[in-house]
Engineer: 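Structure below; questions to follow.
Treat the numbers as computed from the prediction; the structure is a model and nothing was measured. Side chains are part of it too, since the values below use all heavy atoms of this structure and drop only hydrogens, waters and symmetry mates. In this chain, residues are counted from 1 in sequence order. In each ligand, atom 1 is the first atom listed, and ligand 1 is the first ligand listed.
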Amino acid sequence: MRKTTAKTAAQQPDWDEAELAAVIEELRSRAPLVDAGSCHALRGELEVVARGEAFVIQGGDCAEPFADSAAPRVQRKAALLDVLGDLVEHVAGLPVVRVGRLAGQYAKPRSSPTETGADGTVLPVYRGDAVNDPAPEPGARRADARRLLRAYDHAATALDALFLNQFLLPTAGLSPTYVSHEALLLDFERALVRPDGLRGGWYGSSGHMLWIGERTRQLDGAHLEFAATVNNPVGVKIGPTATADDVAAIIELLAGGHRAGRLTLIVRMGARTIGTALPLLLTGLGHRARDVVWLCDPMHGNTVRSASGRKTRVVSDVAAEVEAFCAVLRAHGVYPGGLHLELTPDDVTECVDTHDRLAVDDFPRFESACDPRLDGEQAERVVRLAAELLRR
Ligand code: PEP
Ligand code: CO
């Protein structure tokens with residue numbers, strides 16, 4: 001735990017304080033990565049989603065590697081989001097807001113600060129490229145604050161590639177892609193807060209949409225406090241233990257006094273739990289549930305281990321959570337606004353289709369540095385299911 005204000009910030013790396021101070025000073029002097037106007041534009045698009053007139057596809061890597069800021073990688077990921085968006089537009093007849101976990105998804109909260117390597121040595125855990133290196137060696141795993149400057153540089157490179165893509169949009173027939181990441185490393189996020197000259201107030205210039213994770217959404221914590229200070233569209237992950245009182249307080253803190261579209265709740269309860277936990281939440285919230293955008297993250301509540309010990313996810317569980325999410329929200333008169341997925345255009349073997357594959361699969365191409373992602377074909381199946389549910 002690290003105290004950066006009066007409130008406690010969970011999940012902060014064990015930085016060298018002198019190194020960190022120099023890095024913060026440098027980041028403060030840098031140009032914003034995204035402009036306030038496009039953050040505001042995304043809020044407007046999310047307001048349309050809150051009204052039930054558009055759908056969100058938010059997706060990308062669990063942990064985005066720095067190396068993926070190369071233009072062909074960024075454009076391939078944006079192209080997959082676009083294909084998925086087109087699918088919803090075609091099947092459900094709704095416009096789709098495309099939001100990447102892209103150009104900044106470089107930091108990970110972890111359930112344990114250490115891990116035991118294959119040879120029995122205990123190592124600090126990998127916390128994302130903005131913090132340390134995934135190589136299983138003690139030196140590589142040291143939290144290195146200078147990596148925050150590399151995170152800024154790689155995000156800038158990725159955004160250049162994306163905007164080059166967007167410049168060509170009309171001719172290529174593509175739609176704009178916004179970028180988002182978990183606002184985990186508060187020293188980094190705070191150093192990139194900039195004034196919004198046109199509208200007043202402040203915005204986080206590290207990405208269009210910033211979300212707070214399940215492990216850092218404490219009501220008295222520094223992450224929600226940070227989210228309340230910026231005018232970006234913000235998200236909060238909602239896991240199975242969140243109470244209606246918790247969520248009502250989050251809505252009050254982050255959406256109170258704002259138009260709909262300011263706050264997105266990203267539900268990640270798990271296929272087995274959502275059917276009981278989400279109705280309780282919605283009943284407790286009543287009409288307040290309609291002030292926000294509701295997305296389904298059917299990944300993070302459905303992580304299981306294969307027989308060989310791999311962290312994986314079963315696509316049938318992912319699909320079951322999407323179905324339950326849509327059914328429960330509909331039953332409460334609330335619009336299911338979209339999907340939040342971990343996915344990749346690469347030909348990987350990270351998620352399995354059915355439970356029986358847990359016993360046999362050996363995951364020859366498990367390439368994620370963190371959680372297992374849907375491949376393009378699996379993602380298409382999940383998105384098609386949601387689109388068909390929307391049409392009904
Ligand atoms: C994530 O989105 O990669 C993540 C860590 O999710 P959550 O905060 O929902 O566990
Ligand atoms: Co993840």
Engineer: Using heavy-atom distances only, which candidate in Lys237, Glu182, Arg110, Gln11 approaches atom 2 (O) of ligand 1 most closely?
Structural biologist: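 Checking each option, the heavy atom nearest atom 2 (O) of ligand 1 is found in Lys237.
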
Engineer: Taking Arg142 first and then Asp16, would you say they form a salt bridge - that is, a charged N and a carboxylate O separated by under 4.0 Å?
Structural biologist: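 Judged by the 4.0 Å cut-off on N to carboxylate O distance, Arg142 and Asp16 do not form a salt bridge.
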
Engineer: Just give me the atom name: the N, O or S atom of Glu342 closest to the Co ion (ligand 2).
Structural biologist: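 The atom in question is OE2.
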
Engineer: Of all the atoms in ligand 1, which lie at a distance below 4.0 Å from a heavy atom belonging to Gly213?
Structural biologist: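 The list of qualifying atoms is 8 (O).
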
Engineer: Does any N or O atom in Glu214 lie less than 3.5 angstrom from one in ligand 1, N or O only?
Structural biologist: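 Yes, there is a polar N/O contact under 3.5 Å.
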
Engineer: Mind checking whether the Co ion (ligand 2) has an N, O or S of Cys370 under 2.8 Å?
Structural biologist: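 So Cys370 does not count as coordinating the Co ion (ligand 2).
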
Engineer: Could you tell me the residue and atom name of the protein heavy atom closest to atom 10 (O) of ligand 1, and the distance to it rounded to 0.1 Å?
Structural biologist: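 Answer, as residue, atom name and distance: Arg268 NH2, 2.9 Å.
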
Engineer: Is it the case that over 12 heavy atoms from other parts of the model lie below 6.0 angstrom from the CD atom of Glu377?
Structural biologist: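 Yes, enclosed.
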
Engineer: In ligand 1, which numbered atoms sit nearer than 4.0 Å to a non-hydrogen atom of Cys62?
Structural biologist: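 In order of numbering, the contacting atoms are 3 (O).
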
Engineer: What does the angle at the Co ion (ligand 2) come to, between atom OD2 of Asp371 and atom SG of Cys62, rounded to 10°?
Structural biologist: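 Value, to the nearest 10 degrees: 90°.
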
Engineer: Flag yes if more than 12 heavy atoms outside Arg259 fall under 6.0 Å of its CZ atom; otherwise flag no.
Structural biologist: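 Counting neighbours around CZ of Arg259, 12 or fewer heavy atoms of other residues, nucleotides or ligands fall under 6.0 Å, so no.
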
Engineer: For atom 3 (O) of ligand 1, find the nearest protein heavy atom and state the residue, atom name and distance (0.1 Å precision).
Structural biologist: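 Its nearest protein heavy-atom neighbour is Lys108 NZ, 2.7 Å.
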
Engineer: Show which atoms of ligand 1 fall inside a sub-4.0 Å distance from at least one heavy-atom site of Arg215.
Structural biologist: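 Here the atoms of ligand 1 in question are 5 (C), 10 (O).
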
Engineer: For this output row, return yes or no: ring centroids of His181 and Trp211 closer than 6.0 angstrom.
Structural biologist: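 No; Trp211 has its ring centre 6.0 Å or more from that of His181.
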
Engineer: How close do Phe55 and Tyr335 get, heavy atom to heavy atom, and via which atoms?
Structural biologist: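 So the two residues come closest at CD1-OH, 3.9 Å.
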
Engineer: If hydrogens are left out, which of Glu342, His300, Arg101 has an atom nearest to atom 4 (C) of ligand 1, that is, the closest non-hydrogen atom?
Structural biologist: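 It is His300 whose heavy atom sits nearest to atom 4 (C) of ligand 1.
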
Engineer: Is atom CZ of Arg76 surrounded by more than 12 heavy atoms (other residues, nucleotides or ligands) closer than 6.0 Å?
Structural biologist: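 Check passes, neighbour count above 12.
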
Engineer: In terms of residue, atom name and distance, what is the protein heavy atom nearest to atom 5 (C) of ligand 1?
Structural biologist: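 Answer for atom 5 (C) of ligand 1: Pro109 CG, 3.7 Å.
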
Engineer: Should the pair Arg365-Glu367 be classified as a salt bridge under the 4.0 Å nitrogen-to-oxygen rule?
Structural biologist: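 No salt bridge links Arg365 with Glu367.
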
Engineer: Could you tell me whether Arg30 sits above the aromatic face of Tyr152, with NZ or CZ closer than 6.0 angstrom to the six-membered ring centre and within 45 degrees of the axis?
Structural biologist: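 Here Arg30 passes the 6.0 Å and 45° test against Tyr152.
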
